[in-house]
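Please read the structure below before turning to the comments.
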Protein chains: 2
Amino acid sequence: MTLSKACEHGIRASLYIAQQSVLIERASLKDIALEIDAPEAFTAKILQQLVRQGIISSIQGPKGGFSMSKKAIKELKLIQIIHAIDGDTFENKCVLGLKLCSEISPCPVHDQFKHIKKDYLKMLQKTTIHTMISSLNEGISCLKL
Amino acid sequence: MTLSKACEHGIRASLYIAQQSVLIERASLKDIALEIDAPEAFTAKILQQLVRQGIISSIQGPKGGFSMSKKAIKELKLIQIIHAIDGDTFENKCVLGLKLCSEISPCPVHDQFKHIKKDYLKMLQKTTIHTMISSLNEGISCLKL
DNA sequence: AGTAAATCGGATCTATTAATCCGATTTAAT
DNA sequence: ATTAAATCGGATTAATAGATCCGATTTACT
């Protein structure tokens, strides 16, 4: 249920790229790493993953960089970025670490936890890039510190 | 929001110890590790932590082992075991990894996530050992597999 | 064509978590 | 007293996640 550091950086990077894609064409790795306060080389690795998964697109050479399509900004859900980086591990993860925890063979907190997990998943499935960058653009939320 | 492996093992061990404390006096490390399907040496380390924190008590020598008081079984909350092993890190942890994420300076998903976090915390604060071992004793839930 | 600015991609290093090892200590039973 | 069964505690090892390095590739600009 906790995201990996790679995924945290990946989401923040995606948001910054989306924001810049609306304003100017693209964002460079250097700018991205700076604006999300993440190590440049590590960010590069994560962005490569997102490019391969089709979440963002990249252009090499001078004036190159990363961008996100208008369609993606409007339609892409938070859960899709998470899946692209961390996979779907956390969806079936039992709080107490049981391999087969389910309705049939539940752990002692399965029932209490399932509602929370459902709400969390629902939130990730409905939150779009667009939703997230609105609060950024309005200066309400931020991506570093 | 995800527990460490040590904490997962620690909670499962606590539940087994509580269960055995009601039936027979104590449980040995060997039995505990077997019943919760966790490595013995690692479990030993975790139990030592729980003893030092006063969550469980131990007796050395033959016929020794670990036990939990009736009072603890009735009153101890899930969150207290988590704090004893993982600390309170996850309470103030931002989903996107921001160091200072708060109402004043929120990340782009702070508002959506805060409700989920609140519910989760509330659950951990009200769930007692007693609550958890009832479902175990009734054969509804389990501690391994 | 040449150069410099960018991403790409594989290998490597580092830090943290997970797990093990083993000798020291305690104590019940013979 | 001796032995054996248990926990204790410090040191070490293994596995994974986090991060870096550096040469290869692409491409805009002169």
Side-chain angles (χ1 to χ4, degrees), chain A residues 2-14 16-17 20-21 24-34 36-68 82 85-87 89-90 93 96-97 99, chain B residues 2-13 16-17 20 24-34 36-68 82 85-87 89-90 93 96-97 99:
Chain A
T2 299
L3 309 175
S4 69
K5 269 259 170 295
C7 196
E8 291 175 0
H9 293 329
I11 294 167
R12 299 208 314 285
S14 298
Y16 179 71
I17 293 166
Q20 293 305 303
S21 294
I24 56 172
E25 206 73 40
R26 337 170 221 291
S28 73
L29 168 63
K30 207 171 168 182
D31 285 353
I32 296 165
L34 194 74
I36 68 169
D37 189 33
E40 202 173 307
F42 191 26
T43 305
K45 276 273 131 43
I46 299 159
L47 292 180
Q48 275 178 49
Q49 264 186 283
L50 292 175
V51 168
R52 278 189 223 111
Q53 307 265 350
I55 304 282
I56 54 176
S57 58
S58 68
I59 292 180
Q60 278 181 303
K63 308 273 176 184
F66 301 88
S67 62
M68 186 179 284
I82 295 172
I85 301 174
D86 283 350
T89 47
F90 90 168
K93 174 85 179 55
L96 298 189
K99 290 179 197 76
Chain B
T2 298
L3 309 175
S4 69
K5 269 258 170 296
C7 196
E8 291 176 0
H9 293 330
I11 294 168
R12 300 209 314 283
Y16 179 71
I17 292 167
Q20 293 304 303
I24 57 172
E25 208 73 39
R26 333 169 224 292
S28 73
L29 168 64
K30 206 171 166 180
D31 285 353
I32 297 165
L34 195 73
I36 68 169
D37 189 34
E40 203 173 307
F42 191 27
T43 305
K45 275 275 129 44
I46 300 160
L47 292 179
Q48 276 178 50
Q49 263 186 282
L50 293 175
V51 169
R52 278 190 222 110
Q53 307 265 350
I55 304 283
I56 54 175
S57 57
S58 68
I59 291 180
Q60 279 182 304
K63 307 273 175 188
F66 301 87
S67 62
M68 187 179 284
I82 295 171
I85 301 173
D86 283 351
T89 47
F90 88 171
K93 173 85 178 56
L96 298 190
K99 290 179 195 77

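Letters A, B, ... are given to chains in the order of the sequence lines, protein chains preceding strands, and every chain is numbered from 1.
- In this structure, CZ of A:R26 is placed 17 Å from P of C:dA5, rounded to the nearest angstrom.
- Side chain of A:R26 to main chain of A:K63: a donor-acceptor pair is present (N/O by atom type, distance under 3.5 Å, no hydrogens or angles).
- Within 4.0 Å of B:L47, counting heavy atoms only, lies no atom of the nucleic acid at all.
- Considering only side-chain atoms of B:F42, the nucleotide from C:dA19, D:dT7, D:dC8 that sits closest is C:dA19.
- Taking only side-chain nitrogens and oxygens, B:H9 never comes nearer than 4.0 Å to OP1 or OP2 of C:dA18.
- For the pair B:I32 CD1 and D:dT7 C1', the computed distance is 11 Å after rounding to whole Å.
- Under 4.0 Å is where a charged nitrogen must lie from a carboxylate oxygen, and between B:D37 and A:K99 at least one such pair does.
- With contacts defined as side-chain heavy-atom distances shorter than 4.5 Å, the pair B:L3/B:I11 qualifies.
- Within 4.0 Å of B:R52, counting heavy atoms only, lie sugar-phosphate atoms of the nucleic acid but no base atom.
- Remark: C1' of C:dT7 and CD1 of A:I46 are 15 Å apart, rounded to the nearest angstrom.
- B:K45 and B:E40 are not joined by a salt bridge, as no carboxylate oxygen comes within less than 4.0 angstrom of a charged side-chain nitrogen.
- Comparing C:dA5, D:dA5, C:dA18 against the side chain of B:P62 picks out D:dA5 as the nearest.
- In this structure, CD of B:Q49 is placed 13 Å from C1' of D:dC8, rounded to the nearest angstrom.
- Per the geometry, CD belonging to A:E40 stands 14 Å off P belonging to C:dA5, to the nearest Å.
- The base of D:dT7 sits with one of its N or O atoms less than 3.5 Å from a complementary donor or acceptor on the side chain of B:Q60.
- The distance between atom CD1 of B:I17 and atom C1' of D:dA6, rounded to the nearest whole Å, is 14 Å.
- Residue-level contact check: B:K30 touches neither bases nor backbone, having no heavy atom under 4.0 Å from any strand.
- Distance CG (A:D37) to C1' (D:dA19): 14 Å, rounded to an integer number of Å.
- Relative to the side chain of B:K5, the nucleotides C:dA19, C:dT7, D:dT20 differ in distance, and C:dA19 lies closest.
- Relative to the side chain of A:S58, the nucleotides D:dG18, D:dA28, C:dT7 differ in distance, and C:dT7 lies closest.
- Distance B:Q48 CD to D:dG10 C1': 10 Å, rounded to the nearest Å.
- Residue-to-nucleotide proximity on DNA chain C shows that, of A:K45 and A:K63, the 5′-proximal contact is made by A:K63.
- Annotation for B:S4 and B:D86: closest pair OG-OD1, 2.6 Å, computed over non-hydrogen atoms.
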